[in-house]
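Atoms within each ligand, like the ligands themselves, are counted from 1 in listed order.
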Amino acid sequence: MKAYSIALIPGDGIGKDVTGAAWRVLQLAAKRGSFALDGTSFPWSCAYYLDTGAMMPPDGIETLRKFDAILLGAVGWPAQVPDSVSLHGLLLPIRKTFTQYANIRPHRPLPGVEGPLRPKSFDILCIRENTEGEYSGAGGRVHSGTANEVAIETSIFTRAGVERILRFGFEQARARRKKLASVTKSNAQKHSMVFWDEVTRDVAKDYPDVEVSPYHIDAMAARMILAPESFDVVVASNLFGDILTDIGAAIQGGLGYAASANINPDRSAPSMFEPVHGSAPDIAHLGIANPIASIWSGAMMLEHLGEAQAAAEVMSAIESVTARGIGTEAGKDRTETITQAVLAELN
Ligand code: NAD
Ligand code: IPM
Ligand code: MN
């Protein structure tokens, strides 16, 4: 029997609940599909940091490298550990070291879920650059604590980095509705974003069958709400993609529905699957986190592993559950109720 090794990092807050839910659904999907998912769970989190002084052990990255994929919940417990410490100690190094440069986030409303928009159908695939740009971590502070203090955070855009994410986006567009929106802010950021536009035009020459539209991030943010049906594939830098995908989540009905995959397209290291949302300290311990975003991310993991049929079954189970009115509103149904409903539907 085919077996895949999966590293589980539930993390903090609702990350633990939703990963547990997704894992149960994935186990059932594997059983039905006659393959095995062998999970190894790691307690790396803010609690782990408070115990040990680090978010993961020094050989954490090398430990993860051996796995076929990583399923992550959420990282962050700002009341006790600064986000800049927890995220740069766990989530961000995994994305960068494993060259998971394509962060794929699908945004489409599930049946029965009423988002904030008037009934609207849309199907957007956001592709966010995930290893450089505004989140490179390059910079520093000098004259700390004085009136002359300076903080510098430099964005890094490399030709290799920009070209590969755009190529990835064009390939996705080619396999979908052949439309690609490239998001920049080249009217104000005259170096990096003008460069991004130029690379877009260069790469577009190899994809004459794909219709390309450039957007400025501000206009794009409005259009995601006013005319989301006009988009197919959207490619954006790390920061812009981060913000747009929370808008994507919002128009889907909330963060509880937004899935994400951090993909290493060359497969030279494992890819990581996680919901877009964070640890939600405001609802942690209440048992009401929506596990759908995490389960959907798990379906993306199955797809990446080559188990397309199992992935499709999980997606249709989610869709049947929401179509029946379960898990369609934040806080309406408990995590356990939604999970049980997905499991029953899958069976
Ligand atoms: P958040 O996504 O955790 O929460 C934002 C809002 O959405 C909250 O009101 C929350 O209750 C709600 N929400 C989120 N997921 C939900 C779900 N599945 N079901 C129902 N409601 C849900 O964002 P935040 O509050 O800005 O961040 C909290 C912590 O999580 C911070 O430490 C932040 O840095 C971290 N964070 C981590 C990740 C990650 O690990 N990938 C992503 C985003 C934020
Ligand atoms: C996300 C999150 C992270 C990001 C944070 C927690 C660093 O917001 O996955 O969207 O910005 O990538
Ligand atoms: Mn985000």
Working note: Leu125 + Arg105, criterion side-chain contact (heavy atoms from CB on, under 4.5 Å); need CA distance, chi angles, decisive distance, verdict. CA-CA 6 Å; Leu125 192 67; Arg105 299 182 161 183; over 6 Å; no
For atom 34 (O) of ligand 1, what is the nearest protein heavy atom, given as residue, atom name and distance? Asp83 OD2, 3.0 Å
For Ile14, counting its heavy atoms only, list the atoms of ligand 1 lying under 4.0 Å from any of them. 15 (N), 16 (C), 17 (C), 18 (N)
Answer yes or no: does atom CD of Glu336 have more than 12 heavy-atom neighbours from other residues, nucleotides or ligands under 6.0 Å? yes
Can you tell me if Ser279 has a non-hydrogen atom under 4.0 Å from ligand 1? yes
Using a 4.0 Å cutoff against the non-hydrogen atoms of Val276, which atoms of ligand 1 qualify? 42 (C), 43 (C)
With the threshold set strictly below 4.0 angstrom, can you tell me whether any protein non-hydrogen atom sits that near atom 12 (C) of ligand 1? no
Nearest protein heavy atom under 4.0 Å from atom 24 (P) of ligand 1, yes or no: no
Any N or O of Ala280 that comes nearer than 3.5 Å to an N or O of ligand 1? yes
Closer than 4.0 angstrom, basic N to acidic O: yes or no for Glu163 and Arg167? yes
For atom 41 (N) of ligand 1, grab the closest protein heavy atom and report residue, atom and distance to one decimal in Å. Glu274 OE1, 2.9 Å
Do the side chains of Glu319 and Arg108 get close enough for a salt bridge, i.e. N-O under 4.0 angstrom? yes
After noting the C-alpha distance and the side-chain angles of Asp202 and Arg159, does the key distance pass the salt bridge (charged side-chain N to carboxylate O under 4.0 Å, His left out) rule? CA-CA 11 Å; Asp202 284 350; Arg159 184 171 288 276; 3.7 Å; yes
Below 3.5 Å, N or O to N or O, backbone or side chain included: is there any such pair between Leu255 and ligand 1? no
For ligand 1, which atoms, with element, lie under 4.0 Å from some heavy atom of Gly256? 17 (C), 18 (N)
Looking at ligand 1, is there an atom of it that comes within less than 4.0 Å of some heavy atom belonging to Ala289? yes
Between Pro10 and Thr19 the two heavy atoms that sit nearest each other are CA-OG1, 3.8 Å
Closest candidate by heavy atom, reference atom 14 (C) of ligand 1, pool Arg95, Glu329, His277, Met272: His277
Can you tell me which portion of Pro281 lies within the under-4.0 Å heavy-atom range of ligand 1? Options are side chain, backbone, both, or neither. side chain
Who's the nearest protein heavy-atom neighbour of atom 4 (C) of ligand 2, and how far? Arg128 NH2, 3.4 Å
Gap separating the CG atom of Leu64 from the OG1 atom of Thr40, nearest 0.5 angstrom: 10.0 Å
Apply side-chain hydrogen bond (donor to acceptor under 3.5 Å, both in side chains) to the pair Ser237 and Glu134, showing each step before the final yes or no. CA-CA 8 Å; Ser237 66; Glu134 307 88 343; 2.7 Å; yes
If the threshold is 4.0 Å, N to carboxylate O, is there a salt bridge linking Asp209 and Lys178? no
Hey, which atoms in ligand 1 end up nearer than 4.0 Å to a heavy atom of Ala74? 40 (O)
Would a 4.5 Å heavy-atom cut-off, applied to side chains only, mark Thr328 and Glu114 as touching? no
Might you work through the side-chain hydrogen bond (donor to acceptor under 3.5 Å, both in side chains) test for Glu132 and Thr158, ending with a clear yes or no? CA-CA 8 Å; Glu132 56 172 43; Thr158 64; 2.8 Å; yes
Measuring from atom CD of Glu303 to atom CZ of Phe273, what distance do you get when rounded to the nearest 0.5 angstrom? 9.5 Å
Using heavy atoms and a threshold below 4.0 Å, how should the contact between Arg95 and ligand 2 be classified: side chain, backbone, both, or neither? side chain
Checked the Mn ion (ligand 3): protein N, O or S atoms closer than 2.8 Å come out as Asp242 OD1
I'd like to know if Arg334 and Asp17 make a salt bridge, using a cut-off of under 4.0 Å between side-chain N and carboxylate O. no
Measure the distance from atom 1 (C) of ligand 2 to every protein heavy atom, then report the residue, atom name and distance (to 0.1 Å) of the closest one. Arg105 NH2, 3.4 Å
State whether Arg177 and Asp232 are salt-bridged, where the test is any N-O pair (Lys NZ or Arg NE/NH1/NH2 against Asp/Glu carboxylate O) under 4.0 Å. yes
Would you say Phe231 and Ile225 are hydrophobically clustered, going by side-chain heavy atoms of ILVMFWY under 4.5 Å? yes
Of all protein heavy atoms, the one nearest atom 8 (O) of ligand 2 is Asp242 OD1, 3.4 Å
Using a strict cut-off of 4.0 Å, indicate which atoms of ligand 1 neighbour a heavy atom of Leu87. 34 (O)
When you measure from the centre of the six-membered ring of Tyr101, is the NZ or CZ of Arg164 closer than 6.0 Å and no more than 45° off the axis? yes
Looking at atom 1 (P) of ligand 1, is any protein heavy atom nearer than 4.0 Å to it? yes
Counting from 1, what ligand 1 atoms have a heavy atom of Pro78 closer than 4.0 Å? 32 (O)
Atom indices of ligand 2, in the order listed, that fall short of 4.0 Å to a heavy atom of Leu87: 6 (C), 7 (C)
For ligand 1, which atoms have a heavy atom of Gly278 less than 4.0 angstrom away? 1 (P), 2 (O), 3 (O), 30 (O), 36 (N), 37 (C), 38 (C), 42 (C), 43 (C), 44 (C)
State whether the side chain of Ser5 and the backbone N or O of Asp68 hold a donor-acceptor pair below 3.5 Å, judged by distance alone. yes
Can we say Arg141 and Glu153 salt-bridge, meaning some charged N sits less than 4.0 Å from an Asp/Glu carboxylate O? no
Of the listed options (Asn290, Ile283, Ile292), which comes nearest to atom 21 (N) of ligand 1 when hydrogens are ignored and any heavy atom counts? Ile283
What protein heavy atom is closest to atom 9 (O) of ligand 1, reported as residue, atom name and distance in Å? Asp282 OD2, 2.7 Å
Which of the atoms of ligand 1 are close to Val75, meaning less than 4.0 Å from one of its heavy atoms? 30 (O), 35 (C), 36 (N), 37 (C), 39 (C), 40 (O)
Could you tell me, atom by atom, which parts of ligand 2 come under 4.0 Å of a heavy atom of Tyr135? 11 (O)
Ile14: which other cluster members, linking ILVMFWY side chains closer than 4.5 Å, directly or transitively? Ile283, Leu286, Ile288
Would you say the ring centroid of Phe42 lies under 6.0 angstrom from that of Phe67? yes
Per-atom contact, atom 27 (O) of ligand 1, protein heavy atoms, under 4.0 angstrom: no
